[in-house]
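For reference, the structure discussed in these notes is given below.
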Amino acid sequence: MKKLVKNGTIVTATDTYFGDILIDDGVIVMIGVELEAQGAEVIDAAGCYVFPGGIDPHTHLDMPFGGTVTIDDFESGTRAAAFGGTTTVIDFCLTSKGAPLQSAVKTWHDKSRGKACIDYSFHLMVAELNDDVLFELPQIIDEEGITSLKVFMAYKNVFQADDDTLYKTLLLAKEQGALVMVHAENGDVIDYLINKALADGKTDPIYHALTRPAVLEGEATGRACNLTELADSQLYVVHVTCAEAAWKIEEARKKGLRIYGETCPQYLLLDVSVLNLPNFEGAKYVWSPPLREKWNQDVLWDLLKNGMLQTIGSDQCSFNFNGQKDLGIHDFSKIPNGGPTIEDRFSLLYSEGVAKGRISLNRFADIIATSSAKLFGLFPQKGTVAIGSDADLVIFDPYAERTISASSHHMKVDYNAFEGMKVTGEPVSVLVRGEYVIRDKQFVGTPGYGHYLPRKRFNQPERLPLKEKSLGGVSG
Ligand SMILES: [Zn+2]
């Protein structure tokens, strides 16, 4: 079935123009003015922007943590993501020391298969780099198309890897064409500070932030950048929260290093003061790294605007306030870390970024979709509006106004960290590979419709022009 998106204002990372988009068999086959197509279903996008579907490069769906499991799984999480204009998520496949990587990947396929409403892929965590892992990793990169590897520099005795592992992962990534991702905080010192605070009887949520100071994020970020330089490899720093860390990335990029940074809506819009809310409400805002002093937000916005930070991930990791977050009611270190952000990532960045004049429309498209597609080997199949690309489109009404609330959101989680915030602009309809997932603000998708996406290697050479006539664009 063909579809024709008429009269929208098409926005990509580089262009804004008025036009029609013809979709056939899930792929964009023609873009032009006043297109006609016999038998095509017409989608009226007059008065709307047509954006490439959002790519969320950082989610934790159905993830075990601290004795519990995130409340939103691949079904509720991807449905909520679709409402918010996201058409692809890349989730973190966790591994554990001593267990085969292949079994972890299988677990993640089992969590997502038959449930995801939008397309998805996985990053793979590297906890250690022994001979078994060194043997298995290249196979997984090759066969599963998992071309990004996550190393935790924090969460001592849980996820944390040592510098030796990080360095060897960087070397392997260089050789294999993978992108190393780090959670950059100094886990050893944080562990000491947490134990000291608890010994002093300091158990409230605010101590979560006070035991993870910004300087320790800056230190770990700088260390990861230095090791990347030494390995001549490539690095992506997830969830950058503060100037100390962001400036390290800026400095490294100015040296010409292949170093990239992601921030999240919560670090752009919320600050550490909410951890002091009474009645344990501060637990709703326990992320790692933690929320920072407000002045850091201006630094993050500036670096997003000028390209020193490239992407925005949700770091979706939702735990109910009642029954999950309250595991830490007497001990901040037992509060499950994370919050619900998958649904509002797109709208928040548009409303606070574009509508408030902090970033341009094209920069928005780049941050919300294109940069992630390029860094994670999905471009140009995903991340843009172009002939040959998947028809992942967001028909977006920039005039709509709404108030974010747990009472109207589509995640399962029982609170919203942005409760009461007014946003300008809202996705009206969302297509994934040419099929409606959201139609006129109603969910019409199907769990299991989402495809698993194997990804290209980092900086894989572009293919040469084809000599025979072919639909260009889609990578082979
Ligand atoms: Zn995360």
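Keep in mind it's a predicted model, so treat the numbers as computed, not measured. Atom set for the values below is all heavy atoms of this structure, side chains included, hydrogens, waters and symmetry mates excluded.
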Quick one: pull up [atom1] in [X] and [atom2] in [Y] and give me the separation to the nearest 0.5 Å.
X	Y	atom1	atom2	answer
Asn130	Thr165	CG	OG1	9.0 Å
Ser112	Phe122	OG	CZ	3.5 Å
Gln442	Ile438	CD	CD1	8.5 Å
Asp188	Asp162	CG	CG	9.5 Å
Met125	Phe92	CE	CZ	11.0 Å
Lys254	Ile249	NZ	CD1	13.0 Å

**Item:** Full working for salt bridge (charged side-chain N to carboxylate O under 4.0 Å, His left out) between Asp366 and Arg363
**Value:** CA-CA 5 Å; Asp366 200 3; Arg363 186 76 193 120; 3.0 Å; yes

Does the cation-pi check pass for [X] over [Y], that is, NZ or CZ under 6.0 Å from the six-membered ring centre and within 45° of its axis?
X	Y	result
Lys325	Phe319	no
Lys334	Phe332	no
Arg433	Tyr449	yes
Arg212	Tyr192	no

Pair [X] + [Y]: ring centers closer than 6.0 Å:
X	Y	answer
Phe65	His60	no
Tyr236	Phe376	yes
Phe346	Phe364	yes
Tyr120	His451	no
His109	Tyr452	yes
His183	Tyr155	yes

*May I have the step-by-step check of salt bridge (charged side-chain N to carboxylate O under 4.0 Å, His left out) for Lys422 and Glu401, ending in yes or no?*
CA-CA 7 Å; Lys422 290 187 168 49; Glu401 308 232 333; over 6 Å; no

Heavy atoms of Pro289 and Glu217 approach each other most closely as CB-OE1, 3.5 Å

Would you sort out whether Gln316 and His58 count as a side chain to side chain donor-acceptor pair (under 3.5 Å), showing the intermediate values?
-> CA-CA 7 Å; Gln316 163 76 15; His58 189 156; over 6 Å; no

Donor-acceptor contact present, side-chain [X] to main-chain [Y], <3.5 Å:
X	Y	value
Thr78	Phe74	yes
Arg79	Ala116	no
Asp191	Lys156	no
His409	Pro340	no
Ser121	Leu453	yes
Arg258	Asp232	yes
Asp414	Asn322	yes
Asp390	Asp392	no
Gln310	Gly261	yes
Asp326	Gln324	yes

Check the pair Thr147 / Arg455 against side chain to side chain donor-acceptor pair (under 3.5 Å), numbers first and verdict last.
-> CA-CA 6 Å; Thr147 53; Arg455 293 179 285 113; 3.3 Å; yes

Would you call [X] and [Y] a salt bridge, using N to O less than 4.0 angstrom?
X	Y	value
Lys115	Asp73	yes
Lys284	Glu281	yes
Asp142	Arg457	yes
Arg223	Glu219	yes
Asp62	Lys111	yes
Arg358	Glu352	yes

Please say whether more than 12 non-hydrogen atoms of neighbouring residues, nucleotides or ligands are located less than 6.0 Å from NZ in Lys106.
no

Does a sphere of radius 6.0 Å around CG in Asp131 hold more than 12 heavy atoms from other residues, nucleotides or ligands, not counting ones at 6.0 Å or beyond?
->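 No.
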
Using side-chain heavy atoms (C-beta onward) and a distance below 4.5 Å, is Leu137 in contact with Leu124? yes

Query raised in the report: Is the Phe51 ring parallel, tilted or perpendicular to the Tyr49 ring (thresholds 30°, 60°)?
Result: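 Tilted: the ring planes of Phe51 and Tyr49 meet at 30° to 60°.
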
| said: Quick one, Asp344 with Asn416, criterion side chain to side chain donor-acceptor pair (under 3.5 Å). Give me CA distance, side-chain angles, the key distance, then yes/no. | reply: CA-CA 10 Å; Asp344 299 310; Asn416 194 303; 3.3 Å; yes

- Intermediate values then yes/no, side chain to side chain donor-acceptor pair (under 3.5 Å), Trp108 and Asp91: CA-CA 9 Å; Trp108 247 255; Asp91 200 82; 2.7 Å; yes

